[in-house]
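Scroll down for the structure; my scribbles are underneath it.
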Amino acid sequence: MGGTAKINNLTCGDGQPLLVVAGPCVIESLDLTLSIASRLKEIAADLPIQLVFKASFDKANRTSGGAFRGVGIDEGLRVLDEVRRQLELPVTTDIHESTQAAQVAEVCDLLQIPAFLARQTDLLLAAANTGKAINVKKGQFMAPWDMKHVVAKLKESGNPNVMLTERGTFFGYGRLVNDMRALLEMSSLGVPVIYDATHSVQEPGGLGAATGGNRAMVPPMARAAAAVGIDGLFFETHPDPDKSPSDGPNMVPLDAAEKLLRQVLAVREAVSQNQ
């Protein structure tokens with residue numbers, strides 16, 4: 001694909017095992033977070049993948065002001081630090097304000113920039129200046145080739161470890177679609193490209209006061225992305241998605257995560273053998 005990026009001792013990109021960024025949408029409790037992370041680590045131990053655990057301490061762009069946002073930055077980082085320490089997994093979370101970058105970088109190995117904030121220069125520069133690897137989700141409103149400006153902002157700040165994530169494009173109101181050409185367009189920018197299989201099937205505002213989605217579409221879309229070519233796969237997972245306080249409709253049930261990964265790896269292997 002389009003180059004490599006280092007996340008501590010992991011390398012995402014050309015010729016490397018698939019990077020998998022996975023975990024629940026939002027941190028609910030320490031016990032649940034550790035339980036999900038433990039199961040993902042067990043799955044990863046049997047597969048040729050590199051795992052980064054993801055969970056959010058704050059969902060700052062919830063549809064409704066009364067929706068559950070998370071446990072907050074201090075408690076959230078404490079939980080993520082426990083995952084990193086107890087399970088020896090690299091961890092990531094999203095940051096929404098430039099003032100959060102340095103604090104989050106003390107715990108996280110990878111900083112994630114949410115799609116709605118992909119153009120926010122101060123946020124990008126603050127993330128880059130931590131020296132940690134950066135994963136930027138392409139805005140739903142952005143053309144993939146316009147992500148070249150995002151890459152330039154980060155790399156001109158002296159941070160070479162940049163990844164981009166495709167997570168769908170607005171298609172009218174309340175729908176997202178994937179133009180799989182975006183994976184190749186962003187790869188041509190010289191950075192690894194990750195496919196976000198769960199946010200790509202969101203239906204923004206689809207439940208009125210909350211975002212809807214269709215998790216049944218996650219496996220076929222993930223397989224399609226793997227066929228085009230990806231360096232990493234992002235998905236959110238939960239033991240009981242319908243009881244999750246955030247993004248339940250599009251999350252992968254935890255007991256289906258291994259099957260999803262095996263399907264994606266099979267497609268990726270088939271493509272590599274026929275190139």
Side-chain angles (χ1 to χ4, degrees), residues 1 3-27 32-57 76-77 79-95 100-101 104-115 127-128 130-138 154 159-167 191-200 218 222 225-226 230-238 247 251-252 254 257-258 260-261 264-265 268:
M1 292 290 284
T4 60
K6 296 285 292 183
I7 309 168
N8 287 352
N9 62 336
L10 305 182
T11 303
C12 177
D14 289 342
Q16 301 299 316
L18 185 73
L19 182 75
V20 174
V21 182
C25 179
V26 65
I27 295 169
L32 179 60
T33 305
L34 283 171
S35 175
I36 296 171
S38 295
R39 178 57 188 141
L40 289 171
K41 183 176 180 179
E42 290 173 355
I43 294 170
D46 291 331
L47 298 174
I49 65 173
Q50 307 176 91
L51 176 65
V52 175
F53 180 79
K54 177 268 169 188
S56 298
F57 60 80
L77 291 177
V79 170
L80 289 170
D81 194 44
E82 287 295 317
V83 171
R84 185 178 67 163
R85 184 178 60 82
Q86 292 189 34
L87 300 178
E88 298 182 330
L89 285 175
V91 297
T92 187
T93 195
D94 31 19
I95 59 173
Q100 296 174 340
V104 171
E106 292 179 2
V107 171
C108 291
D109 308 279
L110 172 68
L111 303 187
Q112 180 173 286
I113 307 297
T130 66
K132 294 299 179 76
I134 311 296
N135 177 33
V136 185
K137 293 196 171 185
K138 178 182 74 64
L154 293 167
N159 192 326
N161 296 308
V162 178
M163 293 164 282
L164 299 179
T165 292
E166 164 62 22
R167 50 93 71 235
V191 296
V193 174
I194 297 170
Y195 179 67
D196 181 340
T198 47
H199 289 99
S200 288
V218 171
I230 52 176
D231 301 300
L233 179 71
F234 177 106
F235 67 92
E236 290 180 338
T237 184
H238 192 280
D247 276 2
M251 275 205 284
V252 174
L254 186 58
E258 181 174 358
L260 171 65
L261 286 169
V264 168
L265 289 168
R268 197 168 187 253

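What's counted below: heavy atoms across the whole structure, side chains too, no hydrogens, waters or symmetry copies.
- A donor-acceptor pair under 3.5 Å is formed between the side chain of Q50 and the backbone N or O of T11.
- With sequence neighbours excluded, the residues forming a salt bridge (charged side-chain N to carboxylate O under 4.0 Å, His left out) with E258 are R39, R262, listed by chain and number.
- Considering all non-hydrogen atoms of both residues, V21 and T92 come closest at CG1-CG2, 3.8 Å.
- Scored by the ring pair (Phe, Tyr, Trp, His ring centres under 6.0 Å) test, H199 finds F234 as partners (sequence neighbours excluded).
- Between F57 and G76, the shortest heavy-atom contact is CB-CA, 3.7 Å.
- Scored by the ring pair (Phe, Tyr, Trp, His ring centres under 6.0 Å) test, F235 finds no partners at all (sequence neighbours excluded).
- Judged purely by atom type and a 3.5 angstrom limit, Q16 has no side-chain atom pairing as donor or acceptor with the backbone of D231.
- T93 meets the side chain to side chain donor-acceptor pair (under 3.5 Å) test with no other residue; sequence neighbours excluded.
- Residues meeting the side chain to side chain contact (heavy atoms under 4.5 Å, CB included) test with A101, sequence neighbours left out: I95, A126, T130.
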Under 3.5 Å, which donor-acceptor pairs do the side chains of residues 104-114 form with other protein atoms, sequence neighbours left out?
unit_1: D109; atom_1: OD1; unit_2: N8; atom_2: ND2; d: 2.4
unit_1: D109; atom_1: OD2; unit_2: V91; atom_2: N; d: 2.9

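- Take S200 and apply the side chain to side chain donor-acceptor pair (under 3.5 Å) test, not counting sequence neighbours, and it matches N178.
- Partners of R268 by side chain to side chain donor-acceptor pair (under 3.5 Å), not counting sequence neighbours: none found.
- By the side chain to side chain donor-acceptor pair (under 3.5 Å) test, Q86 is found to be paired with E82, residues two or more places apart in sequence or in another chain being considered.
- For N161, the side chain to side chain contact (heavy atoms under 4.5 Å, CB included) partners at least two apart in sequence or on another chain are A5, K6, A133, N159.
- Checked against K137 for a side chain to side chain donor-acceptor pair (under 3.5 Å), the options D94, D196, T165 give a single hit: D196.
- Here the CG-CG distance, from L261 to L51, works out to 9.0 Å after rounding to the nearest 0.5 Å.
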